[in-house]
Each structure stands twice: as C-alpha cells, then as structure tokens.
Amino acid sequence: MKLNNIEDFIREIQMTSLEKAMDRAAFVEQFRIKFLGKKGIISELFEEFKTVPNEQKKEMGQALNRLKTAAQAKIEEFKASVEQMEQQSQTSDLTLPTDYSEVGSRHVLSVVMNEIIDIFSRIGFTVAESVEIEDDWHLFSALNFPHDHPARDMQDTFFVEKEEGKQEVALRTHTSSVQVRVMENNKPPIRIIAPGRVFRNEAISARAHCIFHQVEALYVDKKVTFADLKQTLLYFAKEMFGEQTQIRLRPSYFPFTEPSAEMDISCNICGGKGCNICKGTGWLEILGCGMVDPNVLEACGIDSKEYSGFALGMGVERMAMLKYQIRDLRLYFENDLRFLRQFDALV
Ligand code: DAH
C-alpha cells in the first residue's frame, strides 16, 4: 500500500460531483458502497494497514483517517444536495397546475346593464348619459310632475340644495331626467337609452335600496305610435328573457307619459303556471312605459303636433333579480365574494 494511493483516493472523492448523475440517489449509494461499504476501498485499506510497518503507522493512519473523513463528508454533502434538489423539483414540477391567479370579473349589474344596452343597440338606440346631481327642472318640472308630487318631498328624494326661492338640486331619482336633456339639445329623430345610477331616500331592505340603477329608453319621431312601443317591448322581452316570453300591458300612470302602462312578462321561472316568485299570478312586473306626454315634448322645445314618442324605464337590479333569481337587493352592494363569484362566467 502506498501513501500516494490514499492521496489519490482523497482527490478522487473531492472531485466527484453529482452533476452528471442520472439517478442521483443511486449514484450516492454506489459512491458510499465503493468507499465506505463493508468491502469498500476504505475497509480494505484498513485491512492492509495491519501489515504496515510500525514506523509508517502514524503517517498512514493519519492519511487513512483523512480519507475516511473526506468520504463521509462527501456523502453528507451529496445527501443534502439530493434532498434540496428533490424539494426544488417538487416546486417546479411542470406537470403541476399553475399557480391560481385571481382574474376579476364583471359585476352582475354591469353584465345585465350591458345586455340591455346591447339589445336596444341592435334596433338603433344609442347610449346617452348625464349628470347624477340634477336640478328640479330636469328631474320633475319638465317631466310634468305636479307641484305636490311625493317625489318632490324630502322623504323620497335626497336634496342637495333646497332653499326658498332657489331652484332645487337633488341626486337624481330616475334616469328620465336624461330624456329632458337629450330632447332639449337634439332634434328628432331621437332614439336613445340612458343607463345610470339613481338615488332614493329609502330604508335599505331586501326589497329597497337607496342606490340602484335604471335604464331609460326614448324614441321621438314623426308618427311614433303605441304599436311601435308594444313591438319594441315584445322584442326586448324575448331577447332578454327568451323566445317563449309573453308580455302584457296594464294601464298605469306616470306624469311624463300619456297613456302610460306597466309591462309584465310571463313568469320565466314557472312558465306562467304560478309560483312563489310571481306570487301565483304567472306574471312578473318588469317596467313602466308610455307615450311621451305632449307637455313634456313642448317643455323640451319639441313641437308636439309634429312629433310623438314613447318612453320606457326599468330597474336593472330587478332585471338581474328575475333573470338570476336573486332574492335580496342588498347582495348587489355588499361585495361578498361568495355572491359575486357565482357570476364569474358571465361576460
Ligand atoms: N322614471 C320612472 C321611475 O323611476 C320609470 C319610468 C316609467 C320611465 C315610465 C319611463 C316611463 O320612461 O315611460 O319609476
């Protein structure tokens, strides 16, 4: 046995690396058996050591111990790096699904609002928008509201300015105010829809909220008739709630339309048979509508002898409630993800 050999083994151990090994754990085990196994190089050297002449024993013994320590240290190093690589390969396993990243989605009210806009756009209506803080003229007076109408009361309307002798200013209570602004600034033919936020002084409950959304539609031209209104309503109802949907009109009253009506659709949940959503009637109330009152046309500078028009207005929250069977208005505004996520798939 040569001292040189031992130094060569030490060098070999130090130079050995795991890098090129296909199966690292197996490689480490082979390496261990080769040097530290029962019949491995080191035990053979220790066997031979017994025959070493006494004067060489000290030097040889020290060299052998260095070899053994080097082999043990190398194995520890290999084991640690195999473990680390295993952990790394677990976190970068390309066959695993990717990290889930949150993708935002539209609020159900936006989805429904966009759908209404879309349906009316297809028959030539364009979107009109206006202010949310509105004066008395555009909110009430031009729309033929009598002076003692409850909407002019603090109990129903959030007033921003309400001073004796001054024009009142309020958060708009309906999007019908947009009608007035459009008619004042445009000549017929006018065909607009006005989507937007409205505000009413209501206690918040499952069925009422102080903020909600409406879509108003207005069509003014020569010879616009109630038949045009009916056909538009039927088209809208079928597009929104399905081809099988039927409509019915009930006489009603709004200051700004004459005649006025409320439209019901056949209940899309029970198909008209009667259920707890339609309260057994088979019909669901959907919107208000009518022929624009000549007083309103005149107030907005449109000659009511030459032109006529129809208007309709609906609540977006109610549309969404009926379409997706949402039972409580408050859910729309609470931002509870358990509610919002149910509509993720809608675009
Ligand atoms: N502005 C009404 C409301 O807020 C809704 C409405 C009813 C609008 C009839 C209309 C209409 O244009 O013709 O309750």
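Order of appearance sets the numbers: ligands from 1, and atoms from 1 within every ligand.
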Check ligand 1 against [X] and write out every atom of the ligand that is under 4.0 Å from a heavy-atom position of the residue.
X	answer
Gln214	3 (C), 4 (O)
Ser176	1 (N), 8 (C)
Gly290	13 (O)
Cys289	9 (C), 11 (C), 13 (O)
Thr257	13 (O)

Pair [X] + [Y]: ring centers closer than 6.0 Å:
X	Y	answer
Phe31	Phe78	yes
Phe158	Phe199	no
His149	Phe140	no

Kindly say whether Val111 contributes a backbone atom to a donor-acceptor pair with the side chain of Asn114 at under 3.5 angstrom? no
For ligand 1, which part of Gln179 has a heavy atom less than 4.0 Å away: the side chain, the backbone, both, or neither? side chain
Please work out whether any backbone atom (N, CA, C, O) or any side-chain heavy atom from C-beta onward of Leu312 is under 4.0 Å from ligand 1, and answer side chain, backbone, both or neither. backbone
Considering only non-hydrogen protein atoms, determine which one is nearest to [atom] and report residue, atom name and distance to 0.1 Å.
atom	answer
atom 4 (O) of ligand 1	Arg200 NH2, 2.7 Å
atom 5 (C) of ligand 1	Gly313 CA, 4.2 Å
atom 9 (C) of ligand 1	Gly288 C, 3.3 Å

NZ-CD1 distance between Lys68 and Ile10, expressed to the nearest 0.5 angstrom: 13.5 Å
Proximity flag Phe256 to ligand 1, non-hydrogen atoms under 4.0 Å: yes
Are any of the side-chain heavy atoms of Phe254 and Asn144 separated by less than 4.5 Å? no
Measuring only between side-chain heavy atoms, which start at C-beta, is Arg106 closer than 4.5 Å to Leu346? no
With a 6.0 Å cut-off (strictly less than), is the heavy-atom count around CZ of Arg122, excluding the residue itself, greater than 12? yes
Contact check: Ala311 vs ligand 1, nitrogen or oxygen atoms, below 3.5 angstrom: yes
Return yes or no for this condition: an N or O of Glu216 is under 3.5 Å from an N or O of ligand 1. yes
Side-chain H-bond candidate by donor/acceptor type, His138 with Glu184, under 3.5 Å: yes
